[in-house]
Engineer: 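Mind looking over this structure? Questions follow.
Numbers restart at 1 for each chain; the letters A, B, ... are given by sequence-line order, proteins then strands.
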Amino acid sequence: GQNIDQPTEMTATEGAIVQINCTYQTSGFNGLFWYQQHAGEAPTFLSYNVLDGLEEKGRFSSFLSRSKGYSYLLLKELQMKDSASYLCALSGNTGKLIFGQGTTLQVKP
Amino acid sequence: EAQVTQNPRYLITVTGKKLTVTCSQNMNHEYMSWYRQDPGLGLRQIYYSMNVEVTDKGDVPEGYKVSRKEKRNFPLILESPSPNQTSLYFCASTDNPGQRYNEQFFGPGTRLTVL
């Protein structure tokens, strides 16, 4: 099976840095995606990790450790518009995405 | 513009009245998929299609049907909707899911309420 765990909610302050963790138990996967989803809208792609290590894209970075079953999404210089849900998802050979429940991030002034 | 479209965006219906939610993509993607999203449960796959005339069940297929007669279209059919199918539905597509990097593009979502 593929259990994916994320914190349900997080709160952070505008301008700060926040780390959203994702842990999983699985027998194998192609890669790990992070999606952002504003309430009632479609998920939009943020980052993808296939190898262990850090992937950086502007204010967003994502890290993967396959041996530890662990990933995180790092958001820097938080802005109010970053208030959203962040979804961790594993991808397999059939194209299927297995999603975690998502972490709702609230950015406060 | 490359996109996935869904219709309708919002639908309120009654138990037992057959309905179809359409999904279309203009990116010539082989793979298409339907997900439903419910509070506390996240996104769960309903059905997927690897190519024309090839469909398969996802994690929660009960009460749903799909068809893939053309590459661009992947409608979701609820033959006899029930209140537990009230949910937010997303269609998604990607190119060659067997590749390691297979970002899925999501439609805008269809909010369905079954009374």
Engineer: Are A:Phe45 and B:Phe106 an aromatic pair, judged by ring center distance below 6.0 Å?
Structural biologist: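 Ring-ring flag for B:Phe106/A:Phe45: false, centres at least 6.0 Å apart.
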Engineer: With a 4.5 Å cut-off on side-chain heavy-atom distances among I, L, V, M, F, W and Y, is there a chain of contacts connecting A:Met10 to A:Tyr86?
Structural biologist: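 Shared cluster, yes.
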Engineer: Testing the basics here: between B:Tyr31 and A:Lys96, what is the closest heavy-atom pair and its distance to 0.1 Å?
Structural biologist: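 Closest pair (atom of B:Tyr31, atom of A:Lys96, distance): OH-N, 3.4 Å.
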Engineer: Transitive ILVMFWY cluster of B:Phe105 at side-chain heavy atoms under 4.5 Å: who else is in it?
Structural biologist: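 Hydrophobic cluster check, B:Phe105: joined to B:Val4, B:Met27.
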Engineer: Would the number of heavy atoms belonging to other residues, nucleotides or ligands and lying under 6.0 Å from CD of A:Glu77 be above 12?
Structural biologist: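 Result for CD/A:Glu77: open.
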Engineer: Quick check on B:Gln104 against chain A: is it the side chain, the backbone, both or neither that has a heavy atom closer than 4.5 Å?
Structural biologist: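 For B:Gln104, backbone and side chain are both near chain A.
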Engineer: Can you get from B:Tyr48 to B:Leu76 by hopping between Ile, Leu, Val, Met, Phe, Trp and Tyr side chains that sit under 4.5 Å apart?
Structural biologist: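 No.
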Engineer: Is it the case that one hydrophobic cluster holds both B:Phe74 and B:Leu88, taking links as side-chain heavy atoms less than 4.5 Å apart, direct or via other members?
Structural biologist: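 Looking at the clustering, B:Leu88 is in a separate group from B:Phe74.
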Engineer: Output the rest of the hydrophobic cluster of A:Ile17: all Ile, Leu, Val, Met, Phe, Trp and Tyr residues reachable through side-chain heavy-atom contacts under 4.5 Å, sorted by chain and number.
Structural biologist: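 Joined to A:Ile17, directly or through intermediates: A:Leu54, A:Phe63, A:Tyr70, A:Tyr72, A:Leu74.
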Engineer: Taking atom CG of B:Leu43 and atom CG of A:Leu97, what is their separation to the nearest 0.5 Å?
Structural biologist: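 Rounded to the nearest 0.5 Å, the CG-CG separation comes out at 9.0 Å.
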Engineer: Under a 4.5 Å side-chain heavy-atom rule over Ile, Leu, Val, Met, Phe, Trp and Tyr, are A:Ile98 and B:Trp34 clustered together?
Structural biologist: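 No, because A:Ile98 and B:Trp34 fall into different hydrophobic clusters, even though each may have its own neighbours under 4.5 Å.
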Engineer: Does A:Phe99 belong to the same Ile/Leu/Val/Met/Phe/Trp/Tyr cluster as B:Ile46, with side-chain heavy atoms less than 4.5 Å apart forming each link?
Structural biologist: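 No, A:Phe99 and B:Ile46 fall in different hydrophobic clusters.
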Engineer: Nearest 0.5 Å, what's the CD-CD distance between B:Gln37 and A:Gln101?
Structural biologist: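 B:Gln37 atom CD to A:Gln101 atom CD measures 11.0 Å (nearest 0.5 Å).
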Engineer: How close do B:Phe90 and A:Pro43 get, counting heavy atoms only, and between which atoms?
Structural biologist: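 Scanning both residues completely, I find the closest heavy atoms to be CE2-CD, 4.0 Å.
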Engineer: How would you list, in number order, the residues of residues 107-114 of chain B that have a heavy atom less than 4.5 Å from chain A?
Structural biologist: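 Residues of residues 107-114 of chain B touching chain A at under 4.5 Å: B:Gly107, B:Pro108, B:Arg111.
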Engineer: To the nearest 0.5 Å, how far apart are OH in A:Tyr48 and CD in B:Glu103?
Structural biologist: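 Rounded to the nearest 0.5 Å, the OH-CD separation comes to 11.0 Å.
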Engineer: Please list, one pair per line, the donor and acceptor atoms closer than 3.5 Å that link side chains of residues 14-23 of chain B to other protein atoms, with sequence neighbours excluded.
Structural biologist:
unit_1: B:Thr15; atom_1: OG1; unit_2: B:Leu115; atom_2: O; d: 2.7
unit_1: B:Thr22; atom_1: OG1; unit_2: B:Asn7; atom_2: O; d: 3.2

